[in-house]
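The block underneath contains the structure these notes are about, expressed in structure tokens.
Residue numbering restarts at 1 for every chain, and letters A, B, ... go by the order of the sequence lines. Basis for what follows: all heavy atoms, side chains included, without hydrogens, waters or symmetry-related copies.
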There are 4 protein chains.
Amino acid sequence: MFPSPPEDTGCASRKPVTARRQGTRQRLFEAAVALISEQGVESTSVDRIAERAGVAKGTVYYNFSGKEELYATLIEWGVDRLAGDLRAASAGPPREALFSVLRAELEFIGTHEALARLLMAEAWRTGQAWYTTARHIRDDAIGAIAELLDSMAAEGQIPSDLDTGVASSALFGMTVTVALDWRALQPERPIEEIHATLVRMAEGFLTAP
Amino acid sequence: MFPSPPEDTGCASRKPVTARRQGTRQRLFEAAVALISEQGVESTSVDRIAERAGVAKGTVYYNFSGKEELYATLIEWGVDRLAGDLRAASAGPPREALFSVLRAELEFIGTHEALARLLMAEAWRTGQAWYTTARHIRDDAIGAIAELLDSMAAEGQIPSDLDTGVASSALFGMTVTVALDWRALQPERPIEEIHATLVRMAEGFLTAP
Amino acid sequence: MFPSPPEDTGCASRKPVTARRQGTRQRLFEAAVALISEQGVESTSVDRIAERAGVAKGTVYYNFSGKEELYATLIEWGVDRLAGDLRAASAGPPREALFSVLRAELEFIGTHEALARLLMAEAWRTGQAWYTTARHIRDDAIGAIAELLDSMAAEGQIPSDLDTGVASSALFGMTVTVALDWRALQPERPIEEIHATLVRMAEGFLTAP
Amino acid sequence: MFPSPPEDTGCASRKPVTARRQGTRQRLFEAAVALISEQGVESTSVDRIAERAGVAKGTVYYNFSGKEELYATLIEWGVDRLAGDLRAASAGPPREALFSVLRAELEFIGTHEALARLLMAEAWRTGQAWYTTARHIRDDAIGAIAELLDSMAAEGQIPSDLDTGVASSALFGMTVTVALDWRALQPERPIEEIHATLVRMAEGFLTAP
DNA sequence: GATGAATGAGGCTTCATTCAT
DNA sequence: TATGAATGAAGCCTCATTCAT
């Protein structure tokens with residue numbers, strides 16, 4: 001469920017990275033994912049992360065350069081995973097692939113709800129420091145949808161003059177919003193129902209003038 | 001542009017509400033809107049709010065029960081204003097009304113970009129304390145779209161078995177995402193272009209099977 | 001004994017500076033002088049300064065921008081006071097004035113021993129951040145001696161080709177070292193004895209070839 | 001250039017002193033000299049010392065009892081070296097020997113500027129823990145000058161009633177101050193110029209009444 | 001009504017030291 | 001002999017809040 005975070009900071013620090021250390025990094029990362037996803041970055045103290053991971057506070061700083069790196073690692077991991085899921089679902093004939101991608105997005109959010117909320121809040125945060133995250137999401141996650149639309153446009157399944165950049169963003173956001181609403185208000189509804197409605201809307205769109 | 005915040009805290013504090021006090025409250029509220037919208041709640045200190053409002057720090061606490069109340073008031077005001085804009089745009093024949101609502105949403109985000117980001121981040125935040133805000137947005141803002149879809153379903157313009165709850169959420173989220181992407185990545189594009197693409201997608205959806 | 005530190009940070013912060021606040025600043029400054037003089041900057045925690053001043057830790061930061069400003073204020077005050085003492089003693093006929101200045105330096109160090117140690121340690125610290133202090137001491141304290149030597153050279157009391165910059169530095173350092181040795185090793189000796197030896201050495205120098 | 005530090009801690013720790021260990025101790029000591037001289041004790045972390053020595057952090061504690069011992073060893077080594085240089089220069093006829101000692105002091109400071117600053121700061125530090133260092137410098141370094149003056153007094157080259165303790169301290173401090181001023185403010189001046197001025201002053205003093 | 005000095009809890013980070021390997 | 005992961009005390013600083021004026 002929680003694959004290891006990037007195995008080393010990759011910086012000049014020549015730390016051999018033993019098995020023990022990887023274990024600690026892993027526990028810290030999981031604790032951070034859990035807490036930050038639930039409460040946001042600013043409300044999550046390093047103290048609590050350490051406590052949840054069952055290590056001393058100093059250990060956080062031995063394994064990560066600081067709160068920021070922990071957070072950046074978390075976001076990166078989340079985006080990569082989301083993008084990976086979407087791309088994995090985008091194989092096959094474009095039309096079905098699109099529906100499959102929407103389903104993968106729904107599933108990701110259903111499974112990693114807190115992380116999804118965090119990514120969304122982050123993606124739209126303003127300020128230079130966060131531009132990277134936003135860009136990353138757009139390029140990787142929305143990019144997977146855009147590629148699909150482009151190939152459909154090439155095959156004449158959607159109008160060639162449609163702005164696929166805007167359209168992919170719209171499909172992505174539509175699904176995120178619906179998914180989060182679903183989890184927050186009607187978590188008991190089966191995913192199929194939600195997906196069916198999304199597909200209907202997307203189908204209409206595919207046959208648009 | 002900045003309507004007064006609720007005129008009194010309504011709490012047991014029996015403070016006579018004079019004209020002077022209303023003026024101070026107003027200035028504090030405006031300062032809070034400006035700063036919190038730009039930098040988020042946690043990054044905005046009471047000190048800075050007071051400074052921007054041109055009053056002493058203690059005055060914040062004389063006029064509001066604390067930072068939290070100031071923030072809650074701000075969110076409330078933002079949601080009300082967004083919902084108001086959407087409802088104002090939803091008059092007239094349903095089909096055109098829908099396009100007009102999407103445009104109003106685009107305009108709101110274009111004009112109050114920072115506030116919009118804040119509302120979105122807030123809307124998707126988890127935890128009991130924030131449920132209210134999310135619910136409020138859903139009931140008021142998305143509700144405006146849902147009513148429109150319901151009336152269209154009644155007139156047969158869209159299939160009667162469509163889940164208008166999910167659909168309105170989808171239309172709302174689609175527009176928010178596109179709008180924020182627009183502001184962040186291509187702010188120089190005219191709103192008409194963005195709106196046109198959204199309308200095309202919505203049209204397709206309206207004629208869906 | 002401890003005149004007020006510079007009355008206001010002088011920065012853009014428009015704080016009215018009330019009597020109460022001045023009192024607190026004063027107490028903090030005195031506590032800082034006492035502790036930092038005794039133990040050095042790095043070994044003196046803000047916590048202890050606050051404790052000694054009888055205020056809460058936060059009060060330190062309300063009255064000074066941080067540890068650094070407190071420290072800079074202290075150094076500045078010390079240098080000003082030392083330079084002031086030396087200049088005050090440098091009036092009158094140059095020859096006697098010189099002996100009087102050496103005496104003033106002895107007295108300053110005898111009275112503010114800890115502060116003197118701090119200034120000396122500081123004056124010779126390396127690194128850009130401390131250059132200012134060093135320069136300040138040199139310009140103000142050693143400068144007072146250099147001026148004296150210059151006027152003596154003008155009157156033919158010392159050779160006109162003597163490097164008064166180096167010579168004043170030598171006289172200053174000679175006195176500091178002797179004074180600190182005196183305080184550390186033979187504090188019971190009367191100041192007159194120490195002064196007499198210094199004067200003898202200086203006299204020899206005055207009649208140098 | 002860097003003689004080995006005392007070969008063993010001498011404490012109860014019965015660690016066999018192998019050649020390998022001596023090599024490690026040596027590297028650690030050199031790293032400590034370099035770093036602490038440049039940045040001071042408090043700003044030099046054990047981490048950086050280990051890094052510079054090319055060993056793991058734990059190795060520092062295997063070879064020294066802690067940071068404090070490393071530091072004490074360093075100071076001791078510095079004082080010994082300074083005193084050695086001064087004594088080596090004090091051979092020959094007293095008058096020339098004195099000038100030669102002053103030159104040796106200038107050269108030591110010119111060559112080991114950072115270490116010299118550290119020693120001076122240390123020498124004047126207050127507090128029981130540091131008394132040893134101060135005493136050491138006084139006995140060894142200033143002692144070398146005092147012996148010279150005593151022999152001159154015995155030969156009638158200086159008044160027999162002069163306080164040679166104070167005078168040697170004065171000569172030492174005069175030279176240190178001038179030397180550090182030289183390095184800090186006019187490092188481009190040749191050592192001869194500085195030395196010449198010092199010699200002139202000392203000569204005057206030698207012929208004092 | 002308004003002020004601003006004072007507070008103290010709590011956050012982030014550094015670092016000397018220990019210890020199992 | 002040497003290592004490096006882990007520790008926790010201690011440091012600096014921010015900031016929402018209180019209260020006497």
Side-chain angles (χ1 to χ4, degrees), chain A residues 14-25 42-50 54-68 70, chain B residues 15-25 42-50 55-63 65-68 70, chain C residues 14-25 42-50 54-68, chain D residues 15-21 23-25 42-50 55-63 65-68 70:
Chain A
R14 285 290 103 222
K15 295 175 184 170
V17 184
T18 64
R20 180 184 176 199
R21 188 171 177 200
Q22 263 312 308
T24 305
R25 257 182 89 88
E42 320 234 28
S43 303
T44 303
S45 73
V46 171
D47 248 330
R48 268 206 280 263
I49 293 176
V55 300
K57 201 192 327 191
T59 304
V60 176
Y61 291 89
Y62 185 76
N63 285 281
F64 295 88
S65 74
K67 196 184 183 184
E68 193 134 332
L70 197 43
Chain B
K15 294 173 187 169
V17 181
T18 68
R20 178 179 174 198
R21 185 171 173 206
Q22 266 309 312
T24 304
R25 260 181 85 87
E42 321 241 23
S43 303
T44 302
S45 71
V46 173
D47 250 322
R48 270 210 281 259
I49 293 175
V55 300
K57 202 205 292 211
T59 305
V60 176
Y61 291 86
Y62 186 77
N63 284 281
S65 73
K67 195 185 183 183
E68 192 132 334
L70 205 39
Chain C
R14 286 292 102 220
K15 293 177 185 171
V17 184
T18 65
R20 179 183 177 199
R21 188 172 174 196
Q22 262 313 308
T24 304
R25 257 181 89 87
E42 320 233 29
S43 304
T44 303
S45 74
V46 172
D47 247 330
R48 269 206 280 262
I49 293 176
V55 300
K57 199 190 333 189
T59 304
V60 176
Y61 293 90
Y62 185 76
N63 284 282
F64 295 89
S65 74
K67 197 185 184 182
E68 193 135 334
Chain D
K15 294 172 184 169
V17 180
T18 67
R20 177 181 175 197
R21 186 171 172 205
T24 304
R25 257 181 87 84
E42 321 242 22
S43 303
T44 302
S45 71
V46 172
D47 249 322
R48 270 208 282 257
I49 293 175
V55 301
K57 201 203 296 212
T59 305
V60 176
Y61 290 88
Y62 187 77
N63 284 282
S65 74
K67 195 186 183 181
E68 193 131 334
L70 205 39

Check this one for me: any side-chain N or O of [X] less than 4.0 Å away from OP1 or OP2 of [N]?
{"X": "Thr59(B)", "N": "dT3(E)", "answer": "yes"}
{"X": "Arg20(A)", "N": "dA5(F)", "answer": "no"}
{"X": "Asn63(C)", "N": "dA5(E)", "answer": "no"}
{"X": "Thr24(C)", "N": "dA5(E)", "answer": "no"}
{"X": "Ser45(A)", "N": "dG10(E)", "answer": "no"}

Quickly work out the [X] [atom1] to [N] [atom2] distance and round it to whole Å.
{"X": "Ile49(B)", "N": "dC15(F)", "atom1": "CD1", "atom2": "P", "value": "12 Å"}
{"X": "Arg48(C)", "N": "dA10(F)", "atom1": "CZ", "atom2": "C1'", "value": "10 Å"}
{"X": "Arg21(A)", "N": "dA6(F)", "atom1": "CZ", "atom2": "P", "value": "8 Å"}
{"X": "Phe64(A)", "N": "dA6(F)", "atom1": "CZ", "atom2": "P", "value": "11 Å"}
{"X": "Gln22(C)", "N": "dA6(E)", "atom1": "CD", "atom2": "P", "value": "10 Å"}
{"X": "Lys67(D)", "N": "dT17(E)", "atom1": "NZ", "atom2": "C1'", "value": "12 Å"}
{"X": "Asp47(B)", "N": "dC13(F)", "atom1": "CG", "atom2": "C1'", "value": "14 Å"}
{"X": "Arg25(B)", "N": "dA2(E)", "atom1": "CZ", "atom2": "P", "value": "11 Å"}

Closest nucleotide of DNA chain E for Gly58(A) versus for Ala56(C): which of these residues is on the 5' side?
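Upstream on the strand: Ala56(C).
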
To check you understand the geometry: which heavy-atom pair defines the closest contact between Ser43(B) and Arg48(B), and what is its length?
O-NH2, 3.2 Å

Smallest separation among heavy atoms of Lys67(B) and Thr44(B), with atom names:
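Of all heavy-atom pairs spanning Lys67(B) and Thr44(B), the closest is NZ-O, 2.8 Å.
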
Who pairs with dT21(F) - Watson-Crick or G-U, where each distance is under 3.5 Å:
dA2(E)

Of the listed nucleotides dT3(F), dC12(E), dT18(F), the one nearest the side chain of Tyr61(B)
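Closest of the options to the side chain of Tyr61(B): dT18(F).
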
Nearest-nucleotide pick for Tyr62(B), side chain only, options being dA2(E), dG11(E), dT1(F)
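For the Tyr62(B) side chain, the nearest candidate turns out to be dA2(E).
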
Working to the nearest 0.5 Å, report the span between OG of Ser45(B) and NZ of Lys57(B).
7.5 Å

Can you tell me how far the OG1 atom of Thr59(C) sits from the CZ atom of Arg21(C), to the nearest 0.5 Å?
10.5 Å

Here's a test of your reading of the structure: between Thr44(B) and Val60(A), which maps to the more 5' nucleotide of DNA chain F?
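Mapping each residue to its closest nucleotide by heavy atoms, the 5'-most match is Val60(A).
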
Which part of the nucleic acid does Val55(C) contact within heavy-atom distance under 4.0 Å: base, sugar-phosphate only, or nothing?
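Sugar-phosphate only.
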
Any donor-acceptor pair under 3.5 Å joining the side chain of Lys57(A) to the base of dT7(F)?
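Absent.
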
